[in-house]
Amino acid sequence: MRKPFRQMHSFTLLMLAMLMAQLSGCATTSASPSTTDFSAPANEVSSDNEHSQQQQQHTPPAVVEQYSDVWEKIQHANTIDVHDDAEVRKQRNFFDDKQKFMNQIGERAEPFLYYIVSQLEARNMPLELALLPIVESGYNPLAQANGPAGLWQMIPATGRNFGLSINSAYDGRKDALASTDAVLDYLQHLYDTLDNDWINAVAAYNTGELVIKAAIDKNKAKGKPTDFWSLGIPAKRVQTVPKWLAFIQIIRTPNHYNLTVPPIANRPFLDRVPAPNGVDIDQIANAAGLSKAEFKTYNPGFRQGVIPSKGKYQIALPLENIGQYQENHDKLYAQKRYDSQSYIVKSGDSLGAIAAKFDISVSALKQANNLTSDRIKVGQELMLLTPMAENDKAQTDTSKKSSTKVKASDTPSTAATTAEPAAKAKTYKVKSGDSLDKIARKNKVKLADLMKWNQLNGKSIIKPGQELKISE
């Protein structure tokens, strides 16, 4: 001790010793947040330390309330072990000093990141998984590739397998909150299936479960380890993995890569409320005090300008806008009923020509398909949204058995035309020069229904003499 303390009364020394012991105990419980190794077995505990270990298990972690910024929480998770791999270094160097991209990621992730991280915490999954949408879509919920879509770039089959509705009016893969629930279910399944290795799970999410399973089985047969780093899978087969691992390193120490991560408040941003069936999106946005663009940012799953008239859906609104929406909810009304079908773009088509063919405006066509330009591609599927005819409205309202039987989970918004009785099901023999669109118009059926009845898609080829069902 310092010299003055040697001259203190012995009672005072005793009190100081007791105080320092208490402070030492406090320091132990308030240390920096601990991390969880999701793949490592629990450590053995000696009998001497068993009681203290039980006490620590009953002490709630301080991690949840400790951070004001969600990114910070991810930074300190330290669950995923990133090896010093050449492909990881390559990806890390590629994003070095790209501040504009990082700013864009921060802006896009702000409405959704808290929800994703909170769901990962609730499921005891690595928080680093919240970085996957950076490499999958740039955190853009409207991202659309040939098959994958949304923040997480799920393919339709996987989305449906894990509970998402995907139809002409709504794509659950683009619903950032609903798709997060489905993806986390899928990733947990992959982790449980692929030897409890989260990098294996992400690799399988990228390249397919069977590819990683085969590599694991091969290593097991040779008595080799089955962690991702031991599988020897070429980087070109799992391109998402090195990019994801590179971003884990970047987010952990952004200053090392000349980057600043824009902070995102560690508190809820959105909440979900039931969607009003048949109500125009403009009305809902106005009722909540949002612009239509803002509403679409939070609810990109709706593919048309109206909430489907059938089926149960939810809309996501900022917490600060929910009160205003609830106050104005009673003023909402279902202004229009809509009929929809799809159209496959052919060579020589333009938006203007397609709009004229179906007697709708180019702006309505672009709005129904979330198009920001007039560019379309051959083979692209477009949704055609047109008001229902008055007699169709009356028929739909008065007859419960007049519409074609479809599963609500598949096409809840489609107001289908009257179906032929089963005994009168018709077929059509394909002629030279026919196309699916021409056959659908000739027989006065929807192109989407024609394709569904015959299990066809936009890439299917029909041949002269082939018989097609014209009704179910």
Side-chain angles (χ1 to χ4, degrees), residues 70-71 73-75 77-113 115-117 119-120 125-155 158-159 173-174 176 179-180 182-184 186-187 190-191 197-209 211-212 228-229 233-254 256-262 264 300:
V70 189
W71 294 118
K73 186 178 284 190
I74 300 171
Q75 285 172 349
N78 288 325
T79 305
I80 303 299
D81 182 19
V82 183
H83 285 201
D84 186 24
D85 179 78
E87 191 63 27
V88 174
R89 290 197 301 272
K90 175 183 173 182
Q91 295 296 334
R92 195 178 60 214
N93 293 336
F94 175 80
F95 291 103
D96 187 5
D97 205 24
K98 288 185 169 55
Q99 187 60 46
K100 183 178 179 181
F101 177 73
M102 191 58 68
N103 291 342
Q104 187 180 54
I105 292 300
E107 183 178 348
R108 288 174 174 173
E110 185 175 16
F112 314 119
L113 188 63
Y115 179 83
I116 293 172
V117 169
Q119 291 303 303
L120 289 168
M125 296 171 73
L127 302 192
E128 292 95 333
L129 291 172
L131 305 180
L132 259 181
I134 296 179
V135 298
E136 290 288 355
S137 67
Y139 253 102
N140 178 9
L142 284 172
Q144 176 79 59
N146 290 332
L151 278 183
W152 300 91
Q153 290 292 284
M154 292 190 86
I155 62 173
T158 304
R173 297 172 302 160
K174 293 183 178 179
S179 66
T180 293
V183 167
L184 299 193
Y186 183 35
L187 287 170
L190 293 173
Y191 170 79
D197 186 305
W198 284 112
I199 307 182
N200 281 348
V202 172
Y205 184 83
N206 180 197
T207 195
E209 181 177 345
V211 173
I212 307 303
F228 175 80
W229 302 105
I233 300 172
K236 64 181 181 180
R237 298 202 68 181
V238 284
Q239 295 179 13
T240 293
V241 172
K243 291 179 183 178
W244 173 57
L245 296 175
F247 260 101
I248 291 176
Q249 291 187 318
I250 289 171
I251 293 298
R252 284 175 180 171
T253 55
H256 290 182
Y257 309 102
N258 302 311
L259 293 169
T260 301
V261 184
I264 294 178

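Below, each value reflects all heavy atoms present in this structure, side chains not excepted, and no hydrogens, waters or symmetry copies. What you see is a predicted model; the values in this text were computed from it and never measured.
Between the side chain of E209 and the backbone N or O of A204 there is no donor-acceptor pair closer than 3.5 Å. Side-chain N or O atoms of S179 include one that pairs as donor or acceptor with a backbone N or O of A176 at under 3.5 Å. Distance alone, capped at 3.5 Å, is enough to place a donor-acceptor pair between the W71 side chain and the P262 backbone. Side-chain N or O atoms of K98 include one that pairs as donor or acceptor with a backbone N or O of F94 at under 3.5 Å. Under a 3.5 Å cut-off, the side chain of R173 and the backbone N or O of G150 do not form any donor-acceptor pair. At least one donor-acceptor pair closer than 3.5 Å links the side chain of S137 to the backbone N or O of P133.
Not counting sequence neighbours, the partners of D97 by the side chain to side chain contact (heavy atoms under 4.5 Å, CB included) test are N258. Among residues two or more places apart in sequence or in another chain, the side chain to side chain contact (heavy atoms under 4.5 Å, CB included) test is passed with T260 by Q99. Residues passing the salt bridge (charged side-chain N to carboxylate O under 4.0 Å, His left out) test with E128 are R252, sequence neighbours excluded. For Y186, the ring-ring contact (aromatic ring centres under 6.0 Å, His included) partners at least two apart in sequence or on another chain are F162, Y205. Evaluation of the side-chain hydrogen bond (donor to acceptor under 3.5 Å, both in side chains) rule for R92 yields Q249 as partners, not counting sequence neighbours. A search for side-chain hydrogen bond (donor to acceptor under 3.5 Å, both in side chains) contacts involving W152 returns T180, not counting sequence neighbours. Remark: R237 engages no residue in a salt bridge (charged side-chain N to carboxylate O under 4.0 Å, His left out) (not counting sequence neighbours). Taking A201 as the reference, L190, Y191, W198 meet the side chain to side chain contact (heavy atoms under 4.5 Å, CB included) condition, with sequence neighbours excluded. Scored by the side-chain hydrogen bond (donor to acceptor under 3.5 Å, both in side chains) test, Y115 finds D181, R272 as partners (sequence neighbours excluded). By the side-chain hydrogen bond (donor to acceptor under 3.5 Å, both in side chains) test, E110 is found to be paired with no residue, residues two or more places apart in sequence or in another chain being considered. Remark: F228 pairs with no residue by the ring-ring contact (aromatic ring centres under 6.0 Å, His included) rule, at least two apart or across chains.
Summarising the geometry, atom CG belonging to D84 is positioned 4.5 Å from atom CZ belonging to R89; distances are rounded to the nearest 0.5 Å. With values rounded to the nearest 0.5 angstrom, Q104 atom CD is found 3.5 Å from R108 atom CZ. Once rounded to the nearest 0.5 Å, the distance linking CG of L113 with OH of Y139 reads 4.5 Å. Distance CG/L259 to NZ/K100: 14.5 Å, rounded to 0.5 Å. To the nearest 0.5 Å, atoms CG (D96) and CD1 (I250) are separated by 7.5 Å.
Counting only heavy atoms from C-beta outward, the side chains of H83 and V88 never approach each other to under 4.5 Å. Considering only heavy atoms from C-beta on, T79 stays 4.5 Å or farther from L127 through its side chain. Contact of the I134 side chain with the F101 side chain is registered, since non-hydrogen atoms from C-beta on lie closer than 4.5 Å. You'll find the side chain of Q153 stays beyond 4.5 Å of the side chain of T240, heavy atoms only. At a threshold of 4.5 Å between non-hydrogen side-chain atoms, the residues D85 and L245 do not count as touching.
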Check: So T207 and I233, side-chain contact (heavy atoms from CB on, under 4.5 Å) or not? Walk me through it.
Finding: CA-CA 11 Å; T207 195; I233 300 172; 5.9 Å; no
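A182 and M154 make their closest contact through CB-SD, 4.4 Å (heavy atoms, listed as atom of the first residue, atom of the second, distance). When all heavy atoms are compared, the tightest approach of L120 to A130 is CD1-N, 3.6 Å. Considering all non-hydrogen atoms of both residues, L151 and E136 come closest at O-CB, 3.7 Å. Nearest heavy atom pair, residue P148 against residue Q144, reads O-NE2, 3.3 Å. Contact between L187 and L132 at its shortest, heavy atoms only, is CD1-CD1, 4.2 Å. The shortest heavy-atom contact between V261 and M102 is CA-CG, 4.2 Å.
Within the structure, salt bridge (charged side-chain N to carboxylate O under 4.0 Å, His left out) pairs that include any residue of residues 142-155 do not occur (at least two apart or interchain).
When the options Y257, F247, W244 are evaluated for a ring pair (Phe, Tyr, Trp, His ring centres under 6.0 Å) with F95, the one that passes is F247.
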